[in-house]
Amino acid sequence: MRDFWDWRFHRKERLTEVDRAAYSQDGYLVNQGKLTRNSYGSRSSRENGCGWIACYNFLKAMGREQPPQEVAGHMEHMLLWGGRVGSHPLAVWWYLHRQGYRFFAAFTCAGWERALARRKAGPAGIVAYWHGRGAHFAAFVREREKTEENKEENQAGGQEELRFLNAVYGAENHRLSARAFYKKYVRFPLIFVLTERGT
């Protein structure tokens, strides 16, 4: 049965199953381009679903995976203009805040590196940036433990390698440092980065 949101967004059907080709082998959503039949607001998730996909990937990285349809459904209630421009960065923050997560926020590459170097910085985060053709969200995962061996490296300029999810559609092992990612993909000097603040 169609709910209020289906009427509000003028859609005839809502596909709930996510194409298996959109997932990485370890279960992250890494290919937004495969989500043409999954609605998000008045458009498809292929066009504007990067915000909910980043939240889904973040929650999975934190060990609290939820069904993608649930994440998209909750995020959809916070869309502006019917979702024509995708998720607002504050909606992403608010949704994850309501899930119990706290963050170090940054708006520059240097701030991002400082957040990663902090002792309490957690294992995952989300970056929102302008890539030249539009705005995009991607989750990132820190896959190496902060041992004494790499502690100095992490504090010396953010050279720690991060795994980015759904930044490049279909790339399962997209690994770069924060600075290398910024130089390669960011086309506007300001970014919005949320790095989970561990306990």
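Please read these numbers as outputs of a predicted model, since none were measured by experiment.
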Mind listing the closest non-hydrogen atom pair of [X] and [Y] along with its distance?
X    : Y    : value
P68  : Y23  : CG-OH, 3.4 Å
N57  : A139 : CB-CB, 3.8 Å
C109 : I191 : N-CD1, 4.2 Å

(Q) Before you tell me yes or no, could you show the steps for Y95 and H88 under ring-ring contact (aromatic ring centres under 6.0 Å, His included), namely the whole-Å CA-CA distance, both residues' side-chain angles and the distance that decides it to 0.1 Å? (A) CA-CA 11 Å; Y95 172 72; H88 192 284; over 10 Å; no

Do [X] and [Y] touch side chain to side chain, with heavy atoms closer than 4.5 Å?
X    : Y    : value
V92  : F137 : yes
L162 : V141 : no
Y56  : M75  : no
M62  : P123 : yes
Y185 : H136 : no
V18  : N38  : yes
E161 : R142 : no
F181 : W112 : yes

Return the [atom1] to [atom2] distance between [X] and [Y], rounded to the nearest 0.5 Å.
X    : Y    : atom1 : atom2 : answer
L116 : S177 : CG    : OG    : 9.5 Å
E160 : F140 : CD    : CZ    : 9.0 Å
N166 : E172 : CG    : CD    : 12.0 Å
L59  : E65  : CG    : CD    : 9.0 Å
L165 : Q32  : CG    : CD    : 12.5 Å
Y101 : F58  : OH    : CZ    : 5.5 Å

Q: Would you check, one step at a time, whether the test side-chain contact (heavy atoms from CB on, under 4.5 Å) holds for H131 with F188?
A: CA-CA 7 Å; H131 55 61; F188 185 75; over 6 Å; no

Assigning hydrophobic clusters by single linkage (Ile, Leu, Val, Met, Phe, Trp, Tyr; side-chain heavy-atom cutoff under 4.5 Å), is [X] placed with [Y]?
X    : Y    : result
L194 : L29  : yes
Y169 : W130 : no
L190 : L90  : no

Between [X] and [Y] (side chain of the first, backbone of the second, donor and acceptor by atom type, cut-off under 3.5 Å), is there such a pair?
X    : Y    : result
K183 : A178 : no
R118 : R197 : no
N31  : A171 : no
R64  : A61  : no
S24  : Y28  : yes
E76  : G41  : yes
Y40  : S87  : no

How about [X] and [Y]: does a side-chain donor come under 3.5 Å of a side-chain acceptor?
X    : Y    : value
S45  : W52  : yes
Q66  : Q99  : yes
R163 : H174 : no

Q | Among T195, I126, L96, the one residue meeting side chain to side chain contact (heavy atoms under 4.5 Å, CB included) with F103 | A | L96

Q: Could you walk me through whether F107 and V193 pass the side-chain contact (heavy atoms from CB on, under 4.5 Å) test, one step at a time?
A: CA-CA 6 Å; F107 303 95; V193 182; over 6 Å; no

Q: Evaluate the criterion side-chain contact (heavy atoms from CB on, under 4.5 Å) for residue pair W94 and M78; output intermediate values, then yes/no.
A: CA-CA 9 Å; W94 178 247; M78 295 181 275; 3.6 Å; yes

**Q.** Over 12 foreign heavy atoms within 6.0 Å of NZ, K34
**A.** no

Q) Is the count of non-hydrogen atoms from other residues, nucleotides or ligands lying under 6.0 Å from R98 atom CZ greater than 12? A) no

Q: May I ask you to decide whether D19 forms a salt bridge with R46, counting only side-chain N to carboxylate O separations under 4.0 Å?
A: no

